[in-house]
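Here the structure comes first, spelled out in structure tokens, and everything after it is commentary.
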Amino acid sequence: MTIILAALPLIATVGCVRTITSVATAPVKATGKVVDWSTTSPSERDRAYARKMRKQAERCHKHPDAPECAQNGYAQQPQR
């Protein structure tokens with residue numbers, strides 16, 4: 001009986017330790033989420049760049065005389 005009474009406080013504090021651990025790690029996890037949301041990974045950057053280049057290529061294919069297309073080789077070369 002004394003062993004059960006001695007173990008009872010240990011069992012009761014397991015939940016408290018778990019709660020304290022989750023409360024202590026919550027700010028770290030929240031900060032990690034904010035940093036993840038506010039930064040761009042290299043793969044996301046690559047996808048965005050590729051999307052931008054595809055859109056520009058489509059625009060330049062439709063309008064080869066546009067100023068932003070001349071430097072990419074889409075504009076017709078002046079004939080001599």
Side-chain angles (χ1 to χ4, degrees):
M1 184 71 168
T2 54
I3 295 174
I4 294 174
L5 290 175
L8 190 60
L10 292 175
I11 294 171
T13 59
V14 170
C16 295
V17 170
R18 204 173 292 149
T19 302
I20 290 170
T21 304
S22 65
V23 168
T25 59
V28 176
K29 290 180 182 179
T31 303
K33 287 286 187 186
V34 169
V35 169
D36 188 36
W37 290 337
S38 62
T39 59
T40 305
S41 71
S43 62
E44 290 172 326
R45 207 170 319 137
D46 291 343
R47 283 192 304 266
Y49 179 76
R51 188 179 314 116
K52 177 183 169 187
M53 290 296 108
R54 279 194 306 272
K55 286 183 180 181
Q56 182 178 357
E58 288 174 10
R59 274 194 311 271
C60 289
H61 187 67
K62 290 179 184 177
H63 307 288
D65 294 332
E68 66 269 6
C69 298
Q71 58 185 324
N72 293 329
Y74 288 104
Q76 295 177 353
Q77 298 295 324
Q79 296 186 3
R80 297 180 190 187

- About how many Å separate NZ of Lys52 and CD of Gln56, when rounded to the nearest 0.5 Å? 7.0 Å
- Message: What's the separation between atom CZ in Arg47 and atom OG1 in Thr40, rounded to the nearest 0.5 Å?
- Response: 10.5 Å
- Query: What are the two closest heavy atoms between Pro64 and Cys69, and how far apart are they?
  - Reply: O-CB, 3.8 Å
